[in-house]
Number of protein chains: 2
Amino acid sequence: MAEADPPGYELPLLLFAGFRSLIDELHRELAAHGHTEVRPVHGFALQAIGPYGASASEIGRRLGVSKQAAGKTVDRLAALGYVERADDPTDARRKLIRLTPRGLDVLTRSAEIFDRLRATWVDRLGAAQVNQLETSLRTVVPPTTFPVDVPGWFG
Amino acid sequence: MAEADPPGYELPLLLFAGFRSLIDELHRELAAHGHTEVRPVHGFALQAIGPYGASASEIGRRLGVSKQAAGKTVDRLAALGYVERADDPTDARRKLIRLTPRGLDVLTRSAEIFDRLRATWVDRLGAAQVNQLETSLRTVVPPTTFPVDVPGWFG
DNA sequence: CGGTTTCGACAACCACGTTGACCAGTTTAC
DNA sequence: GTAAACTGGTCAACGTGGTTGTCGAAACCG
């Protein structure tokens, strides 16, 4: 006979709880390495800036928010010492946002931490299950909302 | 040799994209049924209120936010017509927050929509895969952060 | 009874998003 | 080459969802 399917609302809850547990753990670890002020939103922004820098408008487009919102986030990241603004010699309007060493540090550390976190999932589920989980998700998530285009939808 | 594991950051991104795609679709459908103003946060709050009602402080505790924040959310939900405040005859301090028919409607509709959404995942992945995905997640998410205790972490 | 706790509300504040407006600088079209 | 159109960054006003602190009224408990 048919297996008793759980109610549909459990799926989003589980996805969210899984995501959240990873993000919470990430920020616990980051805080333990001196990055106590950085918040999930900042991580997405730093990722959007990337190693080569970007303009505020570009960041906004990558994140799916207005350039004004991106500008505010850059203000905040600059105040925290994660990025710095530099004039663009080829375009006097543009300000190039670049990661500081501290900003780069949070990015590389995040990558390490995520790798370690994934490894703990492999420990508990096995590599096959984790790969399966990833391929399953990859086939159902609409590619347009991936990889960035993240914030703003919650509030 | 070892299979090439994806970088660790892909896992949270996939989880989030999966969650987000479901929530986005939910709110598209709700909007199509007249619930155009309700936001994801409100859904969690309505769920926390439940069919028997709750006080604002209780809602705050269930959601993991302050009673003041819960009170503001209740204000908004009341303005949108999803809940109403009633005096508690057994405790003159308390105000009982109850779902209006409209509030109940959004909840029952959400349940239907989530069921339908899960069914589309089953169509694309097969029942076994979806069940597998759910059991995998169930084993790795810390039970303390489940099922509620949701908002406030992002901002 | 009196001390402590709890509920709901008010105020001030913060983080992060939105629009609209504006200037300065760059591109494009004629 | 100049005028028009577009683009980048910033300022202002506002909305929403959080926070803490304070407070009076009601309930609980010794």
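Owing to the predicted nature of the structure, the values given are computational and were not obtained by experimental measurement. The basis for the numbers below is simple: all heavy atoms, side chains too, and nothing from hydrogens, waters or symmetry mates. A note on names: the letters A, B, ... follow the listed sequences, proteins ahead of strands, and every chain is numbered from 1.
- If you take CZ of A:R39 and P of D:dG17, they are 16 Å apart, rounded to a whole angstrom.
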What donor-acceptor contacts under 3.5 angstrom involve side-chain atoms of residues 121-128 of chain A, with partners at least two apart or in another chain?
from   : atom 1 : to     : atom 2 : distance (Å)
A:R124 : NH2    : B:T139 : O      : 2.5

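- At whole-Å resolution of the value, NZ in B:K67 and P in C:dA9 are 10 Å apart.
- The base of D:dG9 has none of its N or O atoms less than 3.5 Å from a complementary donor or acceptor on the side chain of A:K95.
- Among residues at least two apart or in separate chains, salt bridge (charged side-chain N to carboxylate O under 4.0 Å, His left out) pairs with a member in residues 77-92 of chain B are B:D75-B:R85, B:E84-B:R98, B:D88-B:R94, B:D91-B:R93.
- Between A:E10 and B:R138 there is a salt bridge, with a side-chain nitrogen of the basic residue lying less than 4.0 Å from a carboxylate oxygen of the acidic one.
- At a non-hydrogen distance threshold of 4.0 Å, A:R85 from residues 73-85 of chain A come into contact with DNA chain D.
- Remark: B:L99 engages B:L46, B:I49, B:V83, B:L104, B:L107 in a side chain to side chain contact (heavy atoms under 4.5 Å, CB included) (not counting sequence neighbours).
- Proximity of a side-chain donor or acceptor of B:H33 to a complementary backbone N or O of B:L30 within less than 3.5 Å is not detected.
- For residues 78-102 of chain A, the set of pairs meeting the ring pair (Phe, Tyr, Trp, His ring centres under 6.0 Å) definition, not counting sequence neighbours, comprises A:H35-A:Y82.
- Residues of residues 51-59 of chain B that place a heavy atom closer than 4.0 Å to DNA chain C, in numerical order, are B:S55, B:A56, B:S57.
- Distance B:L63 CG to D:dT19 P: 10 Å, rounded to the nearest Å.
- Among residues two or more places apart in sequence or in another chain, the side chain to side chain contact (heavy atoms under 4.5 Å, CB included) test is passed with A:T120 by none.
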Write out a two-atom table: protein N or O, nucleotide N or O from nucleotides 27-30 of chain D, distance below 3.5 Å.
from   : atom 1 : to    : atom 2 : distance (Å)
D:dA27 : OP1    : B:A92 : N      : 3.0

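- By the side chain to side chain donor-acceptor pair (under 3.5 Å) test, A:E25 pairs with A:R28, sequence neighbours left out.
- Side-chain atoms of A:H27 do not come within 3.5 Å of backbone N or O of A:D24 as any donor-acceptor pair.
- Base engagement by A:K72 is indicated by at least one non-hydrogen atom pair under 4.0 Å involving a base atom.
- In this structure, of D:dG18, C:dG8, D:dT19, it is D:dG18 that holds the atom nearest to the side chain of B:V41.
- A donor N or O paired with an acceptor N or O is not found under 3.5 Å between the base of D:dG17 and the side-chain atoms of B:Q68.
- The phosphate of C:dC16 has OP1 or OP2 within less than 4.0 Å of a side-chain N or O from A:H42.
- Pairs of residues two or more places apart, or lying in two chains, never qualify as ring pair (Phe, Tyr, Trp, His ring centres under 6.0 Å) while including a residue from residues 51-80 of chain A.
- The phosphate of C:dC7 has OP1 or OP2 within less than 4.0 Å of a side-chain N or O from B:R61.
- Judged as a salt bridge (Lys or Arg N to Asp or Glu O under 4.0 Å), and not counting sequence neighbours, the contacts of A:D105 are A:R109.
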